[in-house]
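Take a look at the structure below.
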Protein chains: 2
Amino acid sequence: MGTVEKAVSLLKLFSVPEPEMGLSDLARKASFDKATTRRLLMALTRHGLVEQDADTRRYRLGAGVSRLARIRDAHFPFVKIALPIVRDLAAQTGETVHLSEHSADALLTVHVELSARANRVNVDVGQTLPLHATASGLAFLAFSRSEAVGRYADSVLEAFTAHTVTRRERLMDTIRLAASRGYSESAQGYEEGVHSVAAPILAHDGYAIGTLAVAAPVSRVDGAAASLHGQAVVRAARLISGRLNGEPPARG
Amino acid sequence: MGTVEKAVSLLKLFSVPEPEMGLSDLARKASFDKATTRRLLMALTRHGLVEQDADTRRYRLGAGVSRLARIRDAHFPFVKIALPIVRDLAAQTGETVHLSEHSADALLTVHVELSARANRVNVDVGQTLPLHATASGLAFLAFSRSEAVGRYADSVLEAFTAHTVTRRERLMDTIRLAASRGYSESAQGYEEGVHSVAAPILAHDGYAIGTLAVAAPVSRVDGAAASLHGQAVVRAARLISGRLNGEPPARG
DNA sequence: AATAGCGGTTCAAATAATGAACCGACAAGG
DNA sequence: CCTTGTCGGTTCATTATTTGAACCGCTATT
C-alpha cells in the first residue's frame, strides 16, 4: 500500500458516530505503526485536512476537507440541484428516498429523505452501496459502459443475504431487465426486509453518474406499489439528469 | 516534501475558477514529474478523492471529499449555524460578507455572501487569507494565544500591496487596537481598493477559531461607515460564537 | 510529413518511509 | 507510593518505495 493511500485510509477512519480519535486509537484501527500514523497525521495537519485539538490532543477532520468539498460543489452541485426533486419524490411515495453518487467502484449515499412512517427503511449519509446487491447499484450498472459492467460482473460478488445475486448470469439478466424498464428492483438483496427500486441519473453522454432510489419495507410493497414507485423514481431521476445537464426547470 | 504532502498539494491545485485539469497541467503547476503526478492522482482516485472524466481524461475533485466534509459538518456545523447570521449581516450592510475558518496558519474562506451592488468586492470560497494582511487575519490574531501571535509575527510577512503591514511592531500595534475595539480594520492591505472590517468567532475558551468580515470598495467607506460595519460585524460574530458554544438562538 | 502537445508507461537509481525501542507523563489499583 | 498500563511523541539503522528521463502511441496544428 502506498504512503498516500495510507494517509487517505486514516481520513476514512473518521465517521459521523466517531469524528475524533487519539493517536494510538487511529494507529490500531488502521494497523499502522504509531510513528507512521503520526507522521501521516502531521502531513495531513500541515495542509488542514486534519486538525488536532489543542487540549485533548485528539485528531479530527480539518477545515481543508470542507474547503475542497465547497470547490467541488461549486462546480458540480449534485445535491443542491437534486434536493427539491428528492423531497418531492419522498412526499409522493411516503417512503425513504436516497440519492447516491458513483465513487471508486461503489455508490456513495449523499442525501437521504427518511419516510415519516414508523416502520421505515433507514439509510445513513456516507454509507457505500455495493453495485450488485442494491437496486441503486443495479440501476447504475444498467446504464454503465458494458466493459465496466463486464469487469465488475467478473469480480467476486459478495452475498449479503440469501437473496443477493452472486452468479454472473443472473446479474447480467437483472441488469438487462433494469436497462429495458428504465429502473431496477431489488428485494432483500442487501438487507432483509427491504425492497427498493432505483433509477439512474445520467450525464450528457447517457451513462450513469449516480442513482435515485425508493426504499420501503417489503411488507408494504406489492406488485402495484413497486410499479408505481418505479415509474415515480424514473420521472424524478430524469428531472435531475436534465437539470444537471443544463436543461432549465419546467414552469408551473 | 513527503509523498503525502505532494498528494495533498495536488488536491489544493483545484479551485472554484479552475475545478478540472489535465495531467500535464497538474504536473506543471505542482512542479512534479508527470509520472509522479499520475501515481499520486491514481492513489487519490482509488479512494474517490479525485475522479477522472472518462471522455476528456481530465481530473477533478471526487465524491470522497464531499463525504469527508459531511462527516465533519455533522460534528462541527460551522457554516450551517453561521449562515442565517451571515445573510442578515449582508442584508444590513449591503456589502460583501465572508466567513472564514482557521486552518494551517491561515484563514480559509468557507462562505461568501456577495453584495448586490454593481461595484462590489469579490471573494471566492476556498480562498486562503494571510493573517497579517487582511482584516480577518488581524481579528484572528487579536484573539489568539500570544505565543502563536509572537511566532507568526516573527515569520516573514509578505507585502501584497504598498499598504500591507510588514513590520513586526506595526503589526503588534494593529493587533492591539483590534483587540481593544473588538474588531479589526484593514484598508488595501491585501488588495488595492478594498476596505474590510472583521470580528473573531470564538471557541468556548475565548480564543478565535474563525472570523466574519465585511468587505467594501474603499470609495464607499468613510469613517462613519467603517464604524457602523465594525459594530455590526462584532454583533453578528458574537451571535455565531454563542450558538457554536451551545447558547440557544434568541427569540423574536 | 513534420512538429508539438497530450495521457500514459517503464525500470535502474536515489530517496523516503518504516517500526522496534525508547522517553516522560498521567491514571488506576494494590 | 510504587507498580502497571496507556497515552502522545521521538529516534535512527534498516528497508522498501518513490522518482524521473526516456519512451510509446495518439491527436491536432502547421
Side-chain angles (χ1 to χ4, degrees), chain A residues 1-14 18-62 75 102 104-105 145 147-148 151 203-205 207, chain B residues 1-14 18-62 75 104-105 145 147-148 151 203 205 207:
Chain A
M1 195 192 273
T3 322
V4 175
E5 299 193 76
K6 290 189 187 171
V8 180
S9 306
L10 282 180
L11 292 177
K12 290 195 162 184
L13 292 177
F14 298 99
E18 198 170 13
E20 273 195 18
M21 298 161 77
L23 172 62
S24 302
D25 221 7
L26 280 160
R28 242 178 285 111
K29 288 202 170 90
S31 328
F32 300 153
D33 187 273
K34 217 172 26 153
T36 304
T37 306
R38 179 152 203 279
R39 221 163 354 84
L40 296 174
L41 286 169
M42 296 309 282
L44 293 168
T45 301
R46 244 167 269 137
H47 291 275
L49 261 49
V50 161
E51 54 191 34
Q52 187 176 24
D53 192 294
D55 299 333
T56 67
R57 315 245 84 194
R58 285 152 66 86
Y59 297 88
R60 62 172 106 92
L61 293 172
H75 178 233
H102 174 72
D105 238 342
R145 281 163 233 273
E147 320 88 67
R151 242 184 294 116
H204 62 93
D205 59 8
Y207 290 110
Chain B
M1 194 191 274
T3 323
V4 175
E5 298 194 76
K6 290 189 186 171
V8 180
S9 306
L10 283 180
L11 291 177
K12 290 195 161 183
L13 292 177
F14 298 99
E18 198 169 13
E20 271 195 19
M21 297 160 77
L23 174 62
S24 302
D25 222 5
L26 281 160
R28 240 178 285 111
K29 288 200 172 92
S31 327
F32 301 155
D33 188 273
K34 216 170 28 151
T36 303
T37 305
R38 181 154 200 280
R39 218 167 355 84
L40 296 173
L41 286 169
M42 296 310 281
L44 294 168
T45 301
R46 245 167 270 136
H47 290 275
L49 261 47
V50 160
E51 55 192 32
Q52 186 176 25
D53 193 292
D55 297 333
T56 66
R57 315 246 84 194
R58 284 150 68 87
Y59 297 87
R60 64 173 104 92
L61 293 172
H75 179 233
D105 239 344
R145 281 165 234 275
E147 319 89 69
R151 242 184 294 115
D205 59 7
Y207 291 109

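Note on naming: letters A, B, ... go to the chains in the order of the sequence lines (proteins, then strands), and numbering restarts at 1 for each one.
Judged as a salt bridge (Lys or Arg N to Asp or Glu O under 4.0 Å), the pairs with a partner in residues 36-48 of chain B (not counting sequence neighbours) are, in order, A/E5-B/R46.
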In residues 27-36 of chain B, what donor-acceptor pairs under 3.5 Å come from side-chain atoms, sequence neighbours left out?
| residue | atom | partner | partner atom | Å |
| --- | --- | --- | --- | --- |
| B/R28 | NH1 | B/D25 | OD1 | 3.2 |
| B/K29 | NZ | B/E18 | OE2 | 3.1 |
| B/D33 | OD1 | B/A35 | N | 2.8 |

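Taking the side-chain hydrogen bond (donor to acceptor under 3.5 Å, both in side chains) definition, one finds that A/D105 meets it with nothing, sequence neighbours left out. A/D55 pairs by the side-chain hydrogen bond (donor to acceptor under 3.5 Å, both in side chains) definition with nothing, not counting sequence neighbours. With sequence neighbours excluded, the residues that form a side-chain hydrogen bond (donor to acceptor under 3.5 Å, both in side chains) with A/D53 are A/R60. Partners of B/R151 according to the side-chain hydrogen bond (donor to acceptor under 3.5 Å, both in side chains) rule, which considers only residues two or more places apart in sequence or in another chain, do not exist here.
Among all heavy-atom pairs drawn from B/F14 and B/Y59, the shortest one is CE2-O, 3.2 Å. Between B/G48 and A/A104, the shortest heavy-atom contact is N-CB, 4.1 Å.
Inter-axis angle, ends of the helix from C/dA1-D/dT30 to C/dG30-D/dC1, five pairs per end, rounded to 10 degrees: 30°.
Rounding to the nearest 0.5 Å gives a distance of 12.5 Å between CG of A/L40 and CG of A/L49. In this structure, OG1 on B/T3 lies 10.5 Å from NZ on A/K6, to the nearest 0.5 angstrom. Taken from CD in B/E20 to CG in B/L26, the straight-line distance is 10.5 Å, to the nearest 0.5 Å. A distance of 12.5 Å separates CG in B/L44 from CD in B/Q52, rounded to the nearest 0.5 Å.
The stretch residues 35-45 of chain A touches DNA chain C through A/A35, A/T36, A/R39, each having a heavy atom within less than 4.0 Å of the strand. Using a 4.0 Å cutoff on non-hydrogen atoms, the parts of residues 53-62 of chain B near DNA chain C are B/R57, B/Y59, ordered by number. Of the residues in residues 23-33 of chain B, B/L23, B/S24, B/R28 come within less than 4.0 Å of DNA chain C through at least one heavy atom, sorted by number.
Taking 4.0 angstrom as the limit, A/T3 places none of its side-chain polar atoms (N or O) nearer than this to OP1 or OP2 of D/dT17.
Mapping A/Q52 and B/K34 onto DNA chain D by nearest heavy atom places A/Q52 closer to the 5' end of the strand.
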With sugar-phosphate taken as primed atoms, P, OP1 and OP2 and all else as base, the protein-contact string of nucleotides 25-30 of chain D at under 4.0 Å (heavy atoms; B, S, -) is ------
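Reading DNA chain C from its 5' end, the first and the last nucleotide to sit under 4.0 Å from a heavy atom of chain B are C/dC6 to C/dA17.
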